[in-house]
Colleague: 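First, the structure itself, so that you have it in front of you.
Just so it is clear, the structure is predicted and the values come from calculations on it, not from any experiment. Atoms within each ligand, like the ligands themselves, are counted from 1 in listed order.
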Amino acid sequence: MAKLLAGLGTSHVPSIAAALDKGMRDSDEWKPFFDGYIPSQDWMAANKPDIAVVIFNDHGNSFFLDRIPTLALGVSEEYPLADEGWGPRALPAFPGAADFAWHLADEMVEHHFDPLICRELEVDHGMQVPMELVFGRPEAWPVKVVPILINTIQYPIPTPRRMWDLGRLLRRAIESYPGDERVLVMGTGGLSHQLQGARAGFMNPKADRDWIANIGPNPDRYRDMTREAYVEEFGSEGAELIMWLVMRGCMDADVNTLHSHYFAPASMTGAGMVLLENAA
Ligand code: DHB
Ligand code: FE
């Protein structure tokens, strides 16, 4: 049976990609941010997951405001990179774990999570940035991916509790797959930011640091918070953090935080990550 190796939560701020594209990795401004990911890069190289299930939101690149699925799942053999307006990027397309994804599709529907099933899908910075942060810029990606997309850009977004329950279901689905694949689950987005409206520019580093410290050992409060409380505490786009709950819901109650990092601001966003492993 396939095995869950670890859970990673990370920001996906698009200016991270721009900084890498412009060769600013080691600039005074960016080096402290990127250096925070070195332990996770080392962990990936040492533990070699076969599949990354990546939970993220599209930002109007594959779905626009005329049609936004609350939940979508990719079942493709390959995912091209969305061009977000600054031209093609020097990253390869992502190879898909199609058989595994169809198994997840079947298990999701069986347990009353009904995704939009995508045979073709371009993936934006919600997936590009986290993958590059932990796997670098290889000629070919060392893992196959399964994209799971959540609507966090237009009201009504799904509830935190629903995200947690999706995580619980995904854990069972991963472990019922007949194979010996080693699976990494990644939840991307956040941390605090608001890109629109009267509070545009809002950040909450105190709430971000609490999140980073507690999402592993004390996640219950975050699971039980309302969507409105997420917007209030983390900003309208900071509510992307609900996607980390899918990752956290995949894990055991007791986890070890192998590594964490926080940096603010990246663009106008609190940026950070945690890498979690089941304690047992
Ligand atoms: C920014 C952050 C995001 O998570 C995102 O999806 C888009 C923009 C930002 O800080 O600029
Ligand atoms: Fe985002």
Colleague: Ion pair present between D220 and R248, side-chain N to carboxylate O less than 4.0 angstrom?
Modeller: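 So D220 does not pair with R248 through a salt bridge.
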
Colleague: Pull out every atom of ligand 1 sitting under 4.0 Å from any heavy atom of H12, numbered as shown with elements.
Modeller: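 Counting from 1, the qualifying ligand atoms are 4 (O), 6 (O).
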
Colleague: Measure the SG-CZ distance between C250 and R168 for me, rounded to the nearest 0.5 Å.
Modeller: 8.0 Å

Colleague: Only pairs under 3.5 Å count here: list side-chain donor-acceptor contacts from residues 269-280, not counting sequence neighbours, and write none if there are none.
Modeller:
residue	atom	partner	partner atom	Å
N278	OD1	D252	N	2.7

Colleague: Which is it for R221 and E233 under the salt bridge (Lys or Arg N to Asp or Glu O under 4.0 Å) test, yes or no, and what are the steps along the way?
Modeller: CA-CA 13 Å; R221 167 171 179 262; E233 196 161 323; 2.7 Å; yes

Colleague: Please write down residue, atom name and distance for the protein heavy atom closest to atom 11 (O) of ligand 1.
Modeller: S267 OG, 2.8 Å

Colleague: State, to the nearest 10 degrees, the angle whose vertex is the Fe ion (ligand 2) and whose arms point to OE1 of E240 and NE2 of H59.
Modeller: 140°

Colleague: Give the atom numbers and elements of ligand 1 that come within less than 4.0 Å of a heavy atom of E240.
Modeller: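 Counting atoms of ligand 1 from 1, those under 4.0 Å from E240 are 4 (O), 6 (O).
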
Colleague: Would you say P14 contacts ligand 1, with heavy atoms under 4.0 Å as the rule?
Modeller: yes

Colleague: Can you figure out which of H193, H125, E237 has its heavy atom closest to atom 3 (C) of ligand 1?
Modeller: H193

Colleague: Quick one: which ligand 1 atoms are inside 4.0 Å of a heavy atom on T269?
Modeller: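 By the 4.0 Å cutoff, the relevant atoms are 1 (C), 2 (C), 9 (C), 10 (O).
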
Colleague: Check this for me, if you would: do K144 and D99 make a salt bridge, where the nitrogen-to-carboxylate-oxygen distance has to be below 4.0 angstrom?
Modeller: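 Salt bridge between K144 and D99, a charged N being under 4.0 Å from a carboxylate O: no.
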
Colleague: So is R25 actually on top of F33's ring, under 6.0 Å and inside 45° of the axis?
Modeller: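 Negative - R25 is either too far from the ring of F33 or too far off its axis.
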
Colleague: Look at H125 and state whether any of its N, O or S atoms is less than 2.8 Å from the Fe ion (ligand 2).
Modeller: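 Checking H125: none of its N, O or S atoms is under 2.8 Å.
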
Colleague: Decide, counting backbone as well as side-chain atoms, whether E237 has an N, O or S atom less than 2.8 Å from the Fe ion (ligand 2).
Modeller: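 It does not: E237 brings no N, O or S atom closer than 2.8 Å to the Fe ion (ligand 2).
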
Colleague: Should E132 and R89 count as an ion pair when the cut-off is N to O under 4.0 Å?
Modeller: yes

